[in-house]
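Right, one structure below, let's go through it.
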Amino acid sequence: MNTQFMRGMCLGALAGAAAEILMLTADSPSVKKRARHTIHAVGDAVDDVVDNISHTLR
């Protein structure tokens, strides 16, 4: 298996866990809102990358 892929997956999981911890421990609604928007933006970016890779490999 590709080590770069696994490294990227682990980094993504760690970033998601850190964002989740931030959302759970934050008392301020604005921090939660920013974290939610950031998670959404990262999810959109990952979707774009996966689409790009799938079209390249075809």
Please report, to 0.1 Å, the donor-acceptor pairs under 3.5 Å made by any side chain of residues 39-46, with sequence neighbours excluded.
from : atom 1 : to  : atom 2 : distance (Å)
H40  : NE2    : D44 : OD2    : 3.4

*Listed by chain and number, what are the side-chain hydrogen bond (donor to acceptor under 3.5 Å, both in side chains) partners of D51, not counting sequence neighbours?*
none

*Go through the structure and list residues passing side-chain hydrogen bond (donor to acceptor under 3.5 Å, both in side chains) with H37, not counting sequence neighbours.*
none

